[in-house]
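Count residues from 1 along the sequence. Side chains included, hydrogens not; waters and symmetry mates left out as well; all remaining heavy atoms used.
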Amino acid sequence: MAWNLIFWFISFCFNIALLVLNFYQLLVLTDLEADYLNIYDSSSRINKLVIPEFLVQGVFCSLFLFTGHWFMFLITVPVTCYHINLFLKREHLIDVTEVFRALKREKYFRLAKLIFYLLLFLVVIFRLTLSAFNSLSDEDDVLHLF
């Protein structure tokens with residue numbers, strides 16, 4: 001049971017990382033739209049975070065696959081496939097010359113991913129809490145035997 005608790009804690013950490021990366025990218029795009037940042041700064045800030053986000057999402061999805069959590073794996077596969085598709089088409093980085101033309105679309109996709117990660121966060125928190133409760137209740141049962 002302790003392994004299950006450790007697994008869900010690792011999933012929790014990955015989910016927090018994805019939420020932070022996505023929220024920061026959305027914040028930078030909003031600052032660009034409000035003209036608080038220039039095009040070059042915002043593009044470079046977002047482009048630095050795209051590959052780490054893709055890697056964390058890939059590891060997150062693979063973690064569910066290799067541990068046999070099929071439902072969670074099937075939930076995370078569409079975003080992972082979307083990231084792979086963007087990377088293979090070489091559309092994963094924000095182009096400085098095209099940023100204002102694609103600003104609304106980029107904000108929409110990042111907001112959709114943020115909502116997805118928030119819903120996934122609720123599921124992971126629930127499973128982490130359930131796992132901690134089961135782990136603690138199993139330890140209490142073992143102590144009563146002696």
Side-chain angles (χ1 to χ4, degrees), residues 1-139 141:
M1 279 299 178
W3 291 111
N4 202 17
L5 182 62
I6 292 169
F7 167 76
W8 286 109
F9 181 72
I10 291 170
S11 298
F12 172 77
C13 293
F14 278 128
N15 202 341
I16 290 291
L18 288 169
L19 279 169
V20 167
L21 288 171
N22 223 334
F23 181 73
Y24 182 74
Q25 290 175 19
L26 189 62
L27 186 69
V28 168
L29 286 173
T30 305
D31 285 349
L32 176 65
E33 187 178 40
D35 206 25
Y36 294 133
L37 286 175
N38 65 26
I39 299 169
Y40 300 105
D41 286 341
S42 60
S43 296
S44 66
R45 287 180 186 186
I46 290 174
N47 289 341
K48 285 180 195 174
L49 298 177
V50 169
I51 297 296
E53 178 193 358
F54 285 11
L55 290 175
V56 170
Q57 174 64 31
V59 170
F60 192 48
C61 185
S62 301
L63 184 68
F64 290 131
L65 173 66
F66 295 134
T67 56
H69 292 88
W70 304 113
F71 180 72
M72 294 298 289
F73 169 71
L74 290 176
I75 289 175
T76 57
V77 163
V79 175
T80 306
C81 288
Y82 172 70
H83 286 167
I84 291 171
N85 190 24
L86 282 178
F87 187 78
L88 291 178
K89 288 182 177 179
R90 300 190 190 280
E91 296 175 356
H92 59 288
L93 298 177
I94 291 184
D95 186 17
V96 176
T97 60
E98 301 283 327
V99 70
F100 280 116
R101 191 174 307 161
L103 185 64
K104 226 174 217 188
R105 184 177 62 95
E106 292 290 335
K107 278 180 62 177
Y108 173 76
F109 284 132
R110 282 180 173 74
L111 184 63
K113 284 195 303 186
L114 185 66
I115 292 169
F116 171 76
Y117 290 140
L118 283 172
L119 293 174
L120 198 61
F121 180 72
L122 293 174
V123 172
V124 169
I125 285 288
F126 175 74
R127 292 299 306 240
L128 179 64
T129 306
L130 187 65
S131 191
F133 178 75
N134 287 339
S135 180
L136 290 174
S137 65
D138 288 345
E139 288 177 8
D141 291 340

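- Atoms CG and CG, from N22 and L27 in turn, are 11.5 Å apart once rounded to the nearest 0.5 Å.
- For the pair F7 and L63, the minimum side-chain heavy-atom distance is below 4.5 Å.
- Atom CZ in R105 sits 11.0 Å away from atom CG in L29 (nearest 0.5 Å).
- For S44, there are no side-chain hydrogen bond (donor to acceptor under 3.5 Å, both in side chains) partners two or more places apart in sequence or in a different chain.
- The line from CZ of F64 to CG of L74 is 11.5 Å long, rounded to the nearest 0.5 Å.
- L37 CG to S42 OG: the interatomic distance, rounded to the nearest 0.5 Å, is 6.0 Å.
- Within the structure, the side-chain hydrogen bond (donor to acceptor under 3.5 Å, both in side chains) test picks out the following pairs touching residues 8-17 (sequence neighbours left out): N4-W8.
- Under the 4.5 Å side-chain criterion, counting only non-hydrogen atoms from C-beta, S43 is not in contact with D95.
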Do any side-chain atoms of residues 115-130 form donor-acceptor pairs under 3.5 angstrom with protein atoms, and if so which ones, sequence neighbours left out?
from, atom 1, to, atom 2, distance (Å)
Y117, OH, Q57, OE1, 3.0
T129, OG1, I125, O, 2.8

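- With sequence neighbours left out, the ring pair (Phe, Tyr, Trp, His ring centres under 6.0 Å) criterion links H83 to F54.
- The CZ atom of F9 sits 11.5 Å away from atom CZ of F14, with the distance rounded to the nearest 0.5 Å.
- Remark: Y82 pairs with F109 by the ring pair (Phe, Tyr, Trp, His ring centres under 6.0 Å) rule, at least two apart or across chains.
- Within the structure, the salt bridge (Lys or Arg N to Asp or Glu O under 4.0 Å) test picks out the following pairs touching residues 25-49 (sequence neighbours left out): E33-K107.
- For the atom pair CG (L21) and CG (L49), the distance works out to 5.5 Å, reported to the nearest 0.5 Å.
- Residue pairs meeting the ring pair (Phe, Tyr, Trp, His ring centres under 6.0 Å) criterion with at least one partner in residues 19-46, sequence neighbours excluded, do not occur; the list is empty.
- Applying the salt bridge (Lys or Arg N to Asp or Glu O under 4.0 Å) test to residues at least two apart or on different chains, none of the pairs has a partner in residues 6-19.
- More than 12 heavy atoms of other shown residues, nucleotides or ligands fall within 6.0 angstrom of atom CZ in F100.
- The minimum heavy-atom distance between A17 and V56, with the atom names listed, is CB-CG1, 4.4 Å.
- The shortest heavy-atom contact between V99 and I94 is CG2-CG2, 3.5 Å.
- Sorted by first and then second residue, the salt bridge (Lys or Arg N to Asp or Glu O under 4.0 Å) pairs with a member in residues 108-125 read E53-K113, E106-R110; sequence neighbours excluded.
- Evaluation of the side-chain hydrogen bond (donor to acceptor under 3.5 Å, both in side chains) test over residues 60-77, restricted to residues two or more places apart or in two chains, returns T67-H69.
- Under the salt bridge (Lys or Arg N to Asp or Glu O under 4.0 Å) criterion, no residue pair touches residues 68-83, with sequence neighbours excluded.
- The salt bridge (Lys or Arg N to Asp or Glu O under 4.0 Å) test applied to R90 returns no partner, not counting sequence neighbours.
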